[in-house]
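Sequence positions, counted from 1, serve as the residue numbers for this chain.
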Amino acid sequence: MTGNGFRGLDPCVHCGFCLQGCPTYRATGDEADSPRGRIVLMRGIDRGRLSADEPTLAYHLDRCLGCLACEPSCPSGVDYRSALETARTVLSQSRPIPRVARAVNAIMGGRRLRRAFLWMARMSRPAAALLVGKSRFGFLMGMLGATKGLARRSQRISTSAAPETPTALLTGCIMEGLFSHVNAATVRTLAVNGYRMVHVPHQGCCGALHSHTGQHEVALDLARRNVRAFATFPEAIIAVNSAGCGAMLKDYGRLLAGDPLESEAGSLAGRVRDVSELLAERGPVPGEHVQLRVAYDPPCHLLHAQGIANPPLEVIDSVPGIERVSHVEAAMCCGSAGSYSLTETGLSRAVLTPKINALLTASPDVVATGNPGCIMQIGAGLAAAGSRIPVVHPVEILDRSYQLAGYYGR
């Protein structure tokens, strides 16, 4: 895997176009915390000039967010993502993965443990809302408080639309445990727009957290489980409402290259669509007026990894009464990056600060973003700054519009 993974670095000519788009380089000004600097370090591993147990190597590679903002800015087509994944797998064989990351991965990868832990987290939301602040603990409470979502009432769908396209929702791990309201809104809004939802049992965590921290074999096992689960509905589109999960599923063909399930993985990857893509393709169906000023913040793994920019804007703009406001840090990473905000707390907060300042200046009624980690990170940052601006998924805004329009049963 090592040689193949690092091969994607070959086109790099160290031009530096990637520097200003890199959140960690902007925060530290250290060349080793830039894509160009990290490529030098990864080439050192590949060519045997650097040992995997070199502390400086792990320090700077661990500090990479994996936001992939460097890839679209690269004129040479460097495959940074595969190389970083390979480097972290090599590092994991020479030193332990940070304990916090291991704990998060164990919880999210194990269904029973995940359900118990996230149930306790949901029960703690009321207390979390009282404990938010700027301290590390207060910020964690802010992250938990940000998972509440918009108030809603209706659960049943009562629409005259004729569902035609079989569609399966990736329920996910944290989406199922802390953002079930987003999953429910996704199902409702897709159904209104003619997608016939089918239930796929035995699916689970996509493996992105494990892949990003170097637990390659665990990521493979989780990917295989999902490939087998979704193979039971080979004709169904796979709708995903978490940008990180969508990017991971679309990468299953590469991840499982050479595996007995390679063909099925490639087929699955070709069926994966972000929920915003599916809704935008259908219009979406107009709903009722909702008076809100909305700032959209694109998740890195939607904008950079998947190249999806306009569909979420089309979904938001389709709601009558919405005024979309811009902010200057929209294209920059929020610093969440899976478990990164827990393992690299200081740098994560430094990356987040300019975005929070920009959002406070824009002063929207609500911030919309399509990834759970981004919702939690930005929500906690706003709460720590003393702001009550909520952070929601774009489908929640459309869902409210549909509820007011009477598409759902009372």
Side-chain angles (χ1 to χ4, degrees), residues 21 23-24 64-69 104 108 132 139-140 142-150 170 172-175 177-179 181-183 185-186 206 208-209 212 240-248 274-276 294-309 311-313 315-316 324 326-345 347-360 362 364 366-385 387 389-397:
T24 53
C64 179
L65 288 151
C67 70
L68 304 182
V104 171
M108 295 305 168
V132 298
F139 197 84
L140 285 172
M143 292 177 73
L144 179 56
T147 67
K148 185 177 180 181
L150 291 176
L170 176 75
C173 49
I174 197 166
M175 292 304 295
L178 290 180
F179 292 91
H181 54 282
V182 176
N183 278 356
T186 298
C206 69
L209 293 173
H212 296 167
V240 185
N241 53 20
S242 164
C245 298
M248 185 65 179
D274 186 74
V275 60
S276 65
V294 179
Y296 174 65
D297 202 83
C300 294
H301 279 80
L302 195 63
L303 182 63
H304 304 312
Q306 299 185 60
I308 298 172
L313 301 177
V315 170
I316 294 169
R324 186 156 49 82
S326 61
H327 68 95
V328 296
E329 290 288 318
M332 297 304 297
C333 184
C334 69
S336 172
S339 57
Y340 186 97
S341 61
L342 304 178
T343 59
E344 301 288 341
T345 305
L347 188 51
S348 173
R349 296 280 289 275
V351 167
L352 174 65
T353 297
K355 186 180 293 290
I356 296 301
N357 291 338
L359 286 168
L360 292 174
V366 64
V367 177
T369 187
N371 192 64
C374 303
I375 293 173
M376 296 171 73
Q377 178 85 344
I378 298 172
L382 288 169
S387 171
I389 300 172
V391 185
V392 303
H393 196 288
V395 298
E396 293 184 77
I397 299 172

Begin with the C-alpha distance, continue with both residues' side-chain angles, and end with the deciding distance and a verdict on side-chain contact (heavy atoms from CB on, under 4.5 Å) for F179 and I375.
CA-CA 10 Å; F179 292 91; I375 293 173; 3.9 Å; yes

Show the numbers, then the answer: is there a side-chain contact (heavy atoms from CB on, under 4.5 Å) between V391 and L382?
CA-CA 9 Å; V391 185; L382 288 169; 3.8 Å; yes

Run the side-chain contact (heavy atoms from CB on, under 4.5 Å) test on M376 and F139 for me, step by step, so that the C-alpha distance in whole Å, both residues' side-chain angles and the decisive distance to 0.1 Å come before the verdict.
CA-CA 10 Å; M376 296 171 73; F139 197 84; over 6 Å; no

Walk me through whether L342 and L140 qualify under side-chain contact (heavy atoms from CB on, under 4.5 Å).
CA-CA 9 Å; L342 304 178; L140 285 172; 3.3 Å; yes

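Taking each heavy atom of N371 and G244 in turn, the nearest pair found is OD1-N, 3.0 Å. For the residue pair G335 and S348, the shortest heavy atom distance occurs at O-OG, 2.6 Å. When every heavy atom of V351 is checked against every heavy atom of P23, the shortest pair comes out as CG1-CB, 3.8 Å.
Annotation: side chain of V294 is not in contact with side chain of P364 (no heavy-atom distance under 4.5 Å). Proximity of I397 to Y296: side-chain heavy atoms (C-beta onward) are nowhere separated by under 4.5 Å. When side chains are defined from C-beta on, S276 does not count as touching P394, because their heavy atoms never get closer than 4.5 Å.
A distance-only check finds a donor-acceptor pair linking the side chain of H393 to the backbone of N241 [under 3.5 Å]. Judged by distance alone, with hydrogens and angles left aside, the side-chain atoms of T353 form a donor-acceptor pair with the main-chain N or O of R349 at under 3.5 Å. Using a distance-only test at 3.5 Å, with no hydrogens or angles considered, a donor-acceptor pair links the side chain of Q306 to the main chain of A243. Side chain of T24 to backbone of C64: no donor-acceptor contact under 3.5 angstrom is found.
Judged as a side-chain contact (heavy atoms from CB on, under 4.5 Å), and not counting sequence neighbours, the contacts of P354 are E329. Considering only residues two or more places apart in sequence or on other chains, H212 meets the ring-ring contact (aromatic ring centres under 6.0 Å, His included) condition with H301. For D297, the salt bridge (Lys or Arg N to Asp or Glu O under 4.0 Å) partners are K355, not counting sequence neighbours.
In this structure, the separation between NE2 on H327 and CD1 on I356 is 9.0 Å, given to the nearest 0.5 Å. Rounded to the nearest 0.5 angstrom, L302 CG and T369 OG1 are separated by 8.0 Å. Between S242 atom OG and I174 atom CD1 the span is 8.5 Å, to the nearest 0.5 Å. Between L352 atom CG and Q377 atom CD the span is 5.0 Å, to the nearest 0.5 Å. Distance check: C333 SG to L68 CG gives 9.5 Å after rounding to the nearest 0.5 Å. Rounded to the nearest 0.5 angstrom, C245 SG and L209 CG are separated by 8.0 Å.
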